[in-house]
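First the structure, in the form of structure tokens, and then the observations on it.
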There are 2 protein chains.
Amino acid sequence: MAKIQKVAELAGVSTATVSRALAGKSSVSPATRTKVEEAANELGYVVSAAASSLASGKTRNVGVILPLLDSWFFMAVLKGAQRLLEDAGYDITLYHLPPAGELGAGDASKQRRRRLFDEFLRRQRVDAFIAVNLELDDEERALLSQLRRPLVGLGGVLPGLHTVTLDDKAVAHLATDHLLSLGHTEIAHITGDPDFERDFQVPTTRRRAYEASITNAGITRNPLLVRTADFTIEGGYNATKQLLGDPRIHPTAIFAASDEMAIGAILAARDLGKDVPRDISVIGIDGHDLADFFGLTTIDQFPELQGRQVAQLILDELAGQGVEPIAEELPHELVVRRSTAAPLDAPTR
Amino acid sequence: MAKIQKVAELAGVSTATVSRALAGKSSVSPATRTKVEEAANELGYVVSAAASSLASGKTRNVGVILPLLDSWFFMAVLKGAQRLLEDAGYDITLYHLPPAGELGAGDASKQRRRRLFDEFLRRQRVDAFIAVNLELDDEERALLSQLRRPLVGLGGVLPGLHTVTLDDKAVAHLATDHLLSLGHTEIAHITGDPDFERDFQVPTTRRRAYEASITNAGITRNPLLVRTADFTIEGGYNATKQLLGDPRIHPTAIFAASDEMAIGAILAARDLGKDVPRDISVIGIDGHDLADFFGLTTIDQFPELQGRQVAQLILDELAGQGVEPIAEELPHELVVRRSTAAPLDAPTR
DNA sequence: CCGATGCATGCAAACGCTTACATTGGTCAC
DNA sequence: GTGACCAATGTAAGCGTTTGCATGCATCGG
């Protein structure tokens, strides 16, 4: 019944030859190859993924592990990766792994997480994994290693695993220094809450770099200028209202740790009757689709490109290129738009 | 070598019993089941997906076909479906099938589309498909049928296939009638471009219903009040600027075919110095995450719930429930927020 | 002209499970 | 007590490929 058998008969060859021809192996004569292809076409034959996987040990399937499915950023990454993998003939299996320490994460959440590791990731359904912004405890890391599958992390912190990440420190320095070089001296920062946010490291790293830049510029840091918020438009909006409404401070610029927060900041400023950038400059990080629309100055981190890059890495590894597991760096770029300018009270340097 | 063998030996039973115990079949004594589970645990054994699929013909994998990966709406749907499927032990394989008639779609795009059908969807990698807003030509529909796999469509038009859709006509009527009942008489409509937009039917259906409602109210339709735009914030923004800047018309309300366009409309109105809802009311469709933030009145179509619902349908079908392939209707609800009010020049009815 | 070399192909053994069918032993009604 | 029946388990035949090894045949250098 094996379907490949029928193709073999129609083409007048053995199943071995059909398999080889369809897999594009070299040792098949052009004539035979054509015959086989025609036979396969006529019968509408397509190799059974399960049988092929079982026999070859390869699935032509890559698992993508995402912490969030409804975030613009991760979807941009997914989109980039998807395209490359599809072109290479790989399917994508999606795994949703919510952050372990998420706000209000109860036992149920932990169990889901555990189940994903125990039950889903280990079925040998994929040849390799792409893990986006994944943070693991030791046990989980051990489990992943036992899978003996290539795994490339994108962002996040995976000690000992092959990871490519954005240089968050450099990015935050660049953003802060951009504002400083425009002449701003009272620069506020909106960041994520390290206790509750997924992805613990990123907000902290960015905040530290911001503080370092401020200090380097010879400016005394003022803790009142730093506010914590959700990584959303609404979070940025609320934080900005608080920043601009606090009589003890008079920021002329805001550095938001994400574009969505920055957009919230712009909207909040408008609602308070402040002009951007005349009264207040705003800069974000990401390169969000909407940044251009809002005229937002940002540090673009090319999320879609990140997806492509990590997919390429995986493909190389699967192709047998022993990719050296160094932590590579992703590109970023300052994109200046209308939301930043010199402050009113200070001449441009 | 078969790993199940080792578990069988450790537990002191046959591989058949191990298989049955791990699959949760009934005819295994509690004692044996426990033994097997312990042995499996100790060895870190997990059933090989490929072998299991080959032997059983079931993959425990559902394919989700999306037209767009970077749209809020589809991701919300995906999120809803993901959760249910994961709970049921199903993996999700993601397929990206860009609309055939997309703006500027060249041969390359057609080839990609064709390849997806020929090469990816037919590998028997999944037990069933969920197709979101999928539009097919006859050939493609035939190919899908040949797969002999359950297929449930969500939105979109799949004649002859099991589909659940929003009643776009009712939704658009509801939106328009809401504005009419507030006393508006000059109501603009922002819709998608049927020539270039994915998902041909939706904008047209909504526009027709809008026109019908207007006419029913005894108001003469004015084609100038209808504008075409991208389904984005930017699209809505630009369209609204044109609507409000046209001296020949004086709309007091705008019905946008999506929340993102509606948000664009609100932003455009503000930029033109018009107050929402005092000078101009705005209503959208979707139930977008940001609708609440912007105070947007909308017809919520509960996208995440849609995902859950379609996933449940698939699960039922896979469980052998012969689900009758009627076109079911999805719920929707008018959510009134700050963006709609009675027009200044007319008393509330 | 001959053995060596190598390409194209066939043969058949895995790959790691599931499941129909067979077997066993115990329960139960009569 | 005994046959019928059922629950629990084992046996073994697939499931549809891939691939190592063997084979056949042609080419080639000497």
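Because the structure is a prediction, the values reported are computed rather than measured. So that the names make sense, note that chain A is the first sequence line, chain B the second, and so on, each numbered from 1.
Candidate nucleotides C:dT9, D:dT18, C:dC17 were compared by shortest atom distance to the side chain of B:S52, and C:dC17 ranks first. Of the listed nucleotides (C:dT19, C:dC11, D:dT18), C:dT19 has the atom at the smallest distance from the side chain of B:A16. Checking D:dG16, D:dT9, C:dC17 against every side-chain atom of B:I4, the shortest atom distance belongs to C:dC17.
In this entry the distance linking CZ of A:R122 with C1' of C:dC17 reads 17 Å, nearest Å. The nearest whole Å value for the distance from the CZ atom in B:R20 to the P atom in D:dT9 is 9 Å. Atom NZ in A:K35 sits about 8 Å away from atom P in C:dG10, given to the nearest Å. Atom C1' of nucleotide D:dT18 and atom CD of A:Q5 are separated by 14 Å, given to the nearest angstrom. At whole-Å resolution of the value, CZ in A:R33 and P in C:dT9 are 9 Å apart. A straight line from CG of B:L54 to P of D:dA13 spans 17 Å, rounded to a whole angstrom. Going from atom CZ of A:R125 over to atom C1' of C:dC15 covers 17 Å, rounded to whole Å. A straight line from OH of A:Y45 to P of D:dG16 spans 10 Å, rounded to a whole angstrom.
Side-chain contact check for A:N41 and A:E37: no donor-acceptor pair (N or O, by modelled atom type) lies under 3.5 Å. Between the side chains of A:T93 and B:D91, no donor-acceptor pair of N or O atoms lies under 3.5 Å.
Under 4.0 angstrom from either OP1 or OP2 of D:dT19 there lies no side-chain N or O belonging to A:S56. Taking side-chain N and O atoms only, A:S27 has no distance below 4.0 Å to OP1 or OP2 of C:dT9. For the pair A:K25 and C:dA8, the criterion of a side-chain N or O lying under 4.0 Å from OP1 or OP2 is not met. The phosphate of C:dT18 has OP1 or OP2 within less than 4.0 Å of a side-chain N or O from B:S19. A:S14 has a side-chain polar atom (N or O) that falls below the 4.0 Å cut-off from OP1 or OP2 of C:dG10. Between A:K58 and D:dT18 there is no side-chain polar atom (N or O) within less than 4.0 angstrom of OP1 or OP2.
A:E140 places a side-chain N or O within 3.5 Å of a backbone atom of A:D137 that can act as its donor or acceptor partner. Using a distance-only test at 3.5 Å, with no hydrogens or angles considered, no donor-acceptor pair links the side chain of B:R123 to the main chain of A:S48.
Backbone-only contact: A:T32 has heavy atoms under 4.0 Å from sugar-phosphate atoms and none from a base.
By the 4.5 Å heavy-atom criterion applied to side chains, A:L116 and A:Y95 are counted as neighbours.
Mapped onto DNA chain D by nearest heavy atom, B:Q124 and B:G12 fall at different nucleotides, with B:G12 at the one closer to the 5' end. Of the two residues near DNA chain C, A:S29 and A:T15, the one whose nearest nucleotide lies more 5' is A:S29. When each of B:V13 and B:A51 is assigned the nucleotide of DNA chain D with its nearest heavy atom, B:V13 is the one assigned upstream, toward the 5' end.
A salt bridge links A:E139 with A:R114: the closest approach of a Lys/Arg side-chain nitrogen to an acidic carboxylate oxygen falls below 4.0 angstrom.
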